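Worksheet for the structure shown next.
Per chain, numbering begins at 1; letters A, B, ... match sequence-line order. Remember, predicted model here, so these are calculated numbers, not experimental data.
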Amino acid sequence: MKRLPPEYYLHPDVVFLARDLLGKALMTNIDGKGVTGGIIVETEAYAGETDRASHAYGGRRTRRTETIYQKGGVAYIYLCYGMHHLFNVVTNIEGIPHAILIRGIKPIIGQELMAHRTGKRPEKLQTLNGPGKLTKALGITTRQDKTFLYDNNIWIEETSLQSNEKQIISGPRIGVDYAGEHAQWPYRFSLLLTG
DNA sequence: CGGCCGATCCACT
DNA sequence: GTGGATCGGCCGA
């Protein structure tokens, strides 16, 4: 399928993109070791400087958060709880730190390799729900931070799923209680897949 | 330089 | 429902 072009990620509305990414396919071929991928079924939008849940809240710029300020179309990957590598899609133009956390995928290719990476049986990989789990299965680590999402390590593809057949539900984001009332914003999106 | 803690997950009870 | 694993980033001194 066709890869999302670099311009796709420049859209100014990160919430729109968080919804739009549902049903597209997140693919990896880390160091050419094998293609793995799945349909994106859960996302969360992080709306930058005005969003208390965002790492870039208040315009904070550090070595880690610098990635989010890059031009849309790169990966923002960071280590969480000392053991989980969380994958985000950076969006918007350079200087506006918007990002979308990928929280769940439905595996469609490379199940053998993903099973090997996660230590699970292939048939147990019906869905990879959890941002730390899916990166492990896809072979994504902080080594791919700042990776351009239009090369041969990590990319996102169109699928045959049409936007008018997407059933989407929204709700508050997970694990961001520190963000106060911003944690209640309905910036989490899930795709309901029938069959 | 020391200490705290997180956009989590899994094994237990 | 609870707690342990595990470590880089961040902040305050």
Side-chain angles (χ1 to χ4, degrees), chain A residues 9 13-22 24 26 28 36 38 40-70 72 74-92 96-107 114-147 149 154 156 168-191:
Chain A
Y9 302 99
D13 186 346
V14 69
V15 174
F16 169 85
L17 283 181
R19 295 179 65 104
D20 197 68
L21 280 174
L22 294 172
K24 305 207 184 312
L26 174 60
T28 65
T36 51
I40 297 170
V41 296
E42 189 176 342
T43 61
E44 279 177 0
Y46 285 85
E49 304 192 9
T50 57
D51 180 357
R52 219 173 289 154
S54 168
H55 290 167
Y57 175 62
R60 40 183 294 123
R61 282 180 102 122
T62 65
R63 170 109 100 263
R64 179 179 67 157
T65 64
E66 194 59 32
T67 306
I68 322 175
Y69 291 83
Q70 289 193 191
V74 297
Y76 169 50
I77 302 158
Y78 70 95
L79 188 64
C80 189
Y81 293 101
M83 59 192 86
H84 301 294
H85 302 260
L86 270 51
F87 172 80
N88 298 253
V89 175
V90 174
T91 70
N92 216 314
I96 300 188
H98 287 180
I100 298 163
L101 173 67
I102 307 300
R103 294 193 59 93
I105 64 171
K106 178 182 169 62
M114 290 194 280
H116 180 252
R117 284 172 175 151
T118 56
K120 297 186 186 302
R121 316 206 128 207
E123 57 271 24
K124 189 88 169 72
L125 292 178
Q126 277 301 99
T127 63
L128 283 165
N129 56 322
K133 275 195 278 189
L134 67 92
T135 55
K136 189 172 185 187
L138 294 172
I140 294 173
T141 69
T142 51
R143 210 159 58 84
Q144 281 82 40
D145 184 51
K146 299 185 176 64
T147 293
L149 297 176
I154 309 175
I156 301 177
I168 297 172
I169 60 175
S170 63
R173 292 170 293 186
I174 303 294
V176 294
D177 291 346
Y178 59 84
E181 62 191 55
H182 294 195
Q184 298 308 312
W185 291 355
Y187 278 12
R188 176 187 181 212
F189 301 100
S190 299
L191 178 65

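Spacing of C1' atoms, dC10(B) relative to dG8(C), comes out at 22 Å, to the nearest Å. Here, dG1(C) and dA7(B) have their P atoms 22 Å apart, quoted to the whole Å.
Here the straight-line distance linking atom OG1 of Thr147(A) with atom OH of Tyr76(A) works out to 14.5 Å at 0.5 Å rounding. Note that the CG atom of Leu191(A) and the CZ atom of Arg19(A) stand 10.5 Å from one another [nearest 0.5 Å].
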Query raised in the report: In dot-bracket form, how is DNA chain C paired, counting a Watson-Crick or G-U wobble pair only if both its distances are under 3.5 Å and using | for bases paired to another strand?
Result: |||||.||||||.
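Distance, Leu128(A) CG to dT8(B) P: 16 Å, rounded to whole Å. Between Ile140(A) atom CD1 and dT8(B) atom P there is a gap of 16 Å when expressed in whole angstrom units. In this structure, His84(A) atom NE2 and dC5(B) atom P are separated by 18 Å, rounded to whole Å. Atom C1' of nucleotide dA7(B) and atom CZ of Arg52(A) are separated by 16 Å, given to the nearest angstrom.
Looking only at distances, no side-chain donor or acceptor of Arg173(A) sits under 3.5 Å from a matching main-chain atom of Trp185(A). Remark: side-chain polar atoms of Tyr178(A) are paired, donor with acceptor, to backbone N or O of Ala53(A) under 3.5 angstrom. In this structure, Arg121(A) contributes its side chain and Ala115(A) its backbone to no donor-acceptor pair below 3.5 Å.
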**Report entry** Contact letters for nucleotides 6-13 of chain C, in which S counts primed atoms plus P, OP1 and OP2 and B counts the base, heavy atoms under 4.0 Å
**Finding:** BBSSSS--
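Proximity of His55(A) to the phosphate of dA7(B): a side-chain N or O atom is located under 4.0 Å from OP1 or OP2.
Counting non-hydrogen atoms of other residues, nucleotides and ligands closer than 6.0 Å to NZ of Lys124(A) gives a total of 12 or fewer. More than 12 heavy atoms of other residues, nucleotides or ligands sit less than 6.0 Å from atom CD of Glu123(A).
For Leu101(A), taking side-chain heavy atoms from C-beta onward, the closest of the listed nucleotides dA7(B), dC10(B), dC9(B) is dA7(B). Taking only side-chain atoms of Lys120(A), from C-beta outward, the nucleotide of dA7(B), dC9(B), dC10(B) with the closest atom is dC10(B). Between dC10(B), dA7(B), dC9(B), one nucleotide has an atom nearer to the side chain of Cys80(A) than all others, and that is dA7(B).
The salt bridge (Lys or Arg N to Asp or Glu O under 4.0 Å) test applied to Lys24(A) returns Asp20(A), Glu158(A), not counting sequence neighbours. Applying the side chain to side chain contact (heavy atoms under 4.5 Å, CB included) test to Tyr57(A) and every residue at least two apart in sequence or in another chain returns Arg52(A).
In this structure, Ile40(A) and Ile105(A) approach most closely via the heavy-atom pair CA-CG2, 4.2 Å. What you find for Ala18(A) and Thr43(A) is that their closest heavy atoms are O-OG1, 2.8 Å.
When each of Ile174(A), Leu134(A), Val41(A), Asn129(A) is paired with Arg103(A), the side chain to side chain contact (heavy atoms under 4.5 Å, CB included) condition holds for Ile174(A) and for no other.
You'll find the side chain of Phe87(A) stays beyond 4.5 Å of the side chain of Leu138(A), heavy atoms only.
Side-chain polar atoms of Lys136(A) and Thr118(A) form no donor-acceptor pair below 3.5 angstrom.
Contacts of residues 174-190 of chain A with DNA chain B (heavy atom under 4.0 Å): Ile174(A), Gly175(A), Val176(A), Tyr178(A). For DNA chain C, no neighbouring residue in residues 129-139 of chain A is found when judged by any heavy atom under 4.0 Å.
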